[in-house]
2 protein chains.
Amino acid sequence: MSAIPIYRQEDRHPQAQACAACEVRSSALFGVLDAEGLDRIHTFIASAQLRPDDRVYDRGSPGSAVYTIRAGVVRFERTTERGDRRIVRLAGRGDLIGQEALLQRPYADEAVACTSVQLCRIPRVLIDELATGQASLPRELMLRWQIALDAAESWMADLSAGPARRRLLRLLQRLSAYADASGAIWLPRRDEIGAMLDMTLETASRLISAFRRERVLELNGARSAMLDTAALQHALRAEDGVSSSSGH
Amino acid sequence: MSAIPIYRQEDRHPQAQACAACEVRSSALFGVLDAEGLDRIHTFIASAQLRPDDRVYDRGSPGSAVYTIRAGVVRFERTTERGDRRIVRLAGRGDLIGQEALLQRPYADEAVACTSVQLCRIPRVLIDELATGQASLPRELMLRWQIALDAAESWMADLSAGPARRRLLRLLQRLSAYADASGAIWLPRRDEIGAMLDMTLETASRLISAFRRERVLELNGARSAMLDTAALQHALRAEDGVSSSSGH
DNA sequence: CGAGCCGTTGAGGGGATTCAAGCTCAGTGG
DNA sequence: CCACTGAGCTTGAATCCCCTCAACGGCTCG
């Protein structure tokens with residue numbers, strides 16, 4: 001960027017340049033920092049590239065860093081007492097994850113890459129240090145927490161209630177928010193859909209097949225699909241409109 | 001408390017004395033403040049008594065205060081696009097609610113008293129003011145956020161999956177954490193159980209009846225019951241043990 | 001090329017919903 | 001005093017959605 005003084009260009013750590021050029025910076029945690037601030041922290045931040053099913057961190061492990069998602073989709077899993085796993089939430093581009101590390105607490109969930117994922121690892125000590133100087137940082141952190149809380153609650157409200165068909169339609173609607181440049185969405189494996197929506201993989205498969213017949217969805221390789229958003233909205237309205245108003 | 005200087009006793013605002021004597025103070029937000037700190041803030045804090053079904057705040061209304069729950073149970077509700085309400089989480093003694101107000105955001109949920117509830121209303125501006133002086137306050141706030149996030153995710157993980165019987169057993173287990181001095185738990189109305197666990201009120205009623213026959217539960221007036229925790233644990237183990245290990 | 005993973009589809013059964021009737025209990029007013 | 005009412009709870013019967021069990025096909029990979 002032309003605003004950066006030339007004499008510092010050569011001094012700057014490659015990662016500092018990467019941070020300055022980062023396309024999610026304005027919406028991410030360190031959006032509040034200026035170029036000088038970035039210079040101070042660059043050596044501690046590491047960017048990483050994950051492949052599908054790579055773990056970001058495990059539930060219960062001592063948290064020493066938070067992560068900003070630059071690209072891709074990450075899921076949060078828990079294992080119930082009965083031993084089956086549940087996916088409780090998704091996170092995507094611009095989201096901050098693993099914030100419990102800032103409180104020196106173990107991670108609350110297992111975080112796993114759904115798609116290929118790019119993220120930045122930010123050590124806890126770095127945030128601690130910055131928080132004393134940068135007054136706006138705590139507020140920024142609280143905002144991230146509220147975003148996560150809101151996501152968890154809204155996931156609960158409209159992905160865990162009603163008939164299987166409606167839950168899956170709602171999930172597709174959410175996945176469309178994570179669509180890539182070509183408009184293709186990440187389509188979970190059938191058993192992953194089951195873990196998200198509390199249904200069996202067979203039910204998920206039958207529904208996906210139905211949506212294909214209804215032209216709501218068009219498969220595009222194994223884990224990718226194109227959505228017909230108009231047809232999706234139509235199907236959702238049909239779900240919400242017809243049946244009785246109490247319960248489901 | 002004998003540690004409080006006598007000459008200040010008469011000066012102290014009644015609310016300041018109430019705060020100093022508050023039995024949840026050590027676990028609540030202002031546990032980090034000393035007597036002097038309490039003196040400064042007392043005039044802004046108002047305690048309130050709510051009756052069942054009284055609303056603390058509405059979703060969407062501009063948040064100007066957070067609340068600490070001193071006694072009772074509060075539920076968070078959302079209304080789905082289809083028009084039916086869902087209860088996404090509970091909060092109880094010692095919990096901080098409505099934190100989104102600190103970010104000058106509208107409340108994310110409707111908060112409603114389940115039992116009779118005692119709480120303290122803390123204006124946003126008061127927290128803003130204290131945050132500049134009291135360095136430990138932001139950390140304390142973040143901790144509350146993480147507690148809320150964890151509650152929402154664990155609610156999702158074990159109250160929204162599996163057969164109706166198991167979900168209701170799990171709910172009873174959670175409600176036992178909010179039992180009063182006599183050991184009695186708050187028992188929701190049948191349609192409220194439905195809104196929490198995504199089942200019809202008839203199913204909830206049938207299950208409650210079954211639990212009474214099995215001596216897991218003994219009704220104790222309309223909204224109150226005694227739990228046999230041993231029988232409850234036994235029933236839960238039976239649920240988790242017998243059936244197949246995949247799905248439910 | 002057989003093994004294993006993932007997805008699809010079918011048949012049958014069971015658990016939860018739907019529809020319906022009746023019950024208790026508190027509040028109200030004749 | 002007691003029928004009247006309505007809200008909440010219970011229970012029954014029938015239906016249906018979804019789960020369970022099962023078989024099969026496509027695909028990758030050793």
Completion exercise
Pairing string of DNA chain C (Watson-Crick or G-U wobble, both atom distances under 3.5 Å; | = paired to other strand) is ||||||||||||||||||||||||||||||
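Without hydrogens or angle criteria, Arg144(A) side chain to Leu96(A) main chain gives no donor-acceptor distance under 3.5 Å. In this structure a side-chain-to-backbone donor-acceptor pair under 3.5 Å is missing from Asp58(B) to Ser61(B). Between the side chain of Thr115(A) and the backbone N or O of Gly72(A), no donor-acceptor pair lies under 3.5 Å.
Across all strands shown, Arg167(A) has no heavy atoms under 4.0 Å from either base or sugar-phosphate atoms.
Remark: Tyr107(B) engages Tyr57(B) in a ring pair (Phe, Tyr, Trp, His ring centres under 6.0 Å) (not counting sequence neighbours). Residues meeting the side chain to side chain contact (heavy atoms under 4.5 Å, CB included) test with Ala177(A), sequence neighbours left out: none. Shown here are the side chain to side chain contact (heavy atoms under 4.5 Å, CB included) partners of Ala151(B), two or more places apart in sequence or in another chain: Arg89(B). Leu201(A) pairs by the side chain to side chain contact (heavy atoms under 4.5 Å, CB included) definition with Arg190(A), Asp191(A), not counting sequence neighbours. For Glu202(A), the side chain to side chain contact (heavy atoms under 4.5 Å, CB included) partners are Thr200(A), Arg206(A), not counting sequence neighbours.
Atom pair Leu197(A):CG and dC19(D):P shows a separation of 11 Å (rounding to whole Å applied). Taking atom CZ of Arg212(A) as the reference point, atom C1' of dT9(C) lies 13 Å away to the nearest angstrom. When the P atom of dG8(D) is taken as reference, atom CD1 of Ile193(B) falls 14 Å away, rounded to whole Å. Between the CG atom of Leu187(B) and the C1' atom of dG8(D) there is a distance of 13 Å, rounded to whole Å. What separates CZ of Arg213(B) from P of dT11(D) is a distance of 6 Å, to the nearest Å. Distance CG (Leu201(A)) to P (dC21(D)): 13 Å, rounded to an integer number of Å. Atom-to-atom, CG of Leu168(A) to P of dC19(D) comes out at 12 Å; the value is rounded to the nearest Å.
Looking at heavy atoms from C-beta onward, Leu90(A) lies in side-chain contact with Leu175(A) at the 4.5 angstrom threshold.
The stretch residues 202-211 of chain B touches DNA chain D through Glu202(B), Ser205(B), Arg206(B), Ser209(B), each having a heavy atom within less than 4.0 Å of the strand.
For the side chain to side chain donor-acceptor pair (under 3.5 Å) condition, the pairs that include at least one residue of residues 63-80 of chain A, sequence neighbours left out, are Asp53(A)-Arg75(A), Ser64(A)-Arg121(A), Arg70(A)-Gln118(A), Arg75(A)-Glu77(A), Arg75(A)-Glu192(A), Glu77(A)-Arg85(A), Arg78(A)-Asp109(A), Arg78(A)-Asp150(B), Arg78(A)-Glu153(B), Thr80(A)-Asp84(A). For the side chain to side chain donor-acceptor pair (under 3.5 Å) condition, the pairs that include at least one residue of residues 212-225 of chain A, sequence neighbours left out, are Arg165(A)-Glu214(A). Counting only residues at least two apart or on different chains, no ring-ring contact (aromatic ring centres under 6.0 Å, His included) pair has a member in residues 189-213 of chain B.
Between the side chains of Thr203(A) and Arg167(A), no donor-acceptor pair is found at a separation under 3.5 Å.
The phosphate of dA16(C) has neither OP1 nor OP2 within less than 4.0 Å of any side-chain N or O from Thr200(B).
Heavy atoms from other residues, nucleotides or ligands lying under 6.0 Å from CZ of Arg55(A) number 12 at most.
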Can you tabulate the close N/O pairs, meaning under 3.5 Å, that link protein atoms to atoms of nucleotides 3-6 of chain C?
residue: dC6(C); atom: O3'; partner: Arg223(A); partner atom: NH2; Å: 3.1

Using a cut-off of under 3.5 Å, enumerate the N/O to N/O pairs linking the protein to nucleotides 14-17 of chain D.
none

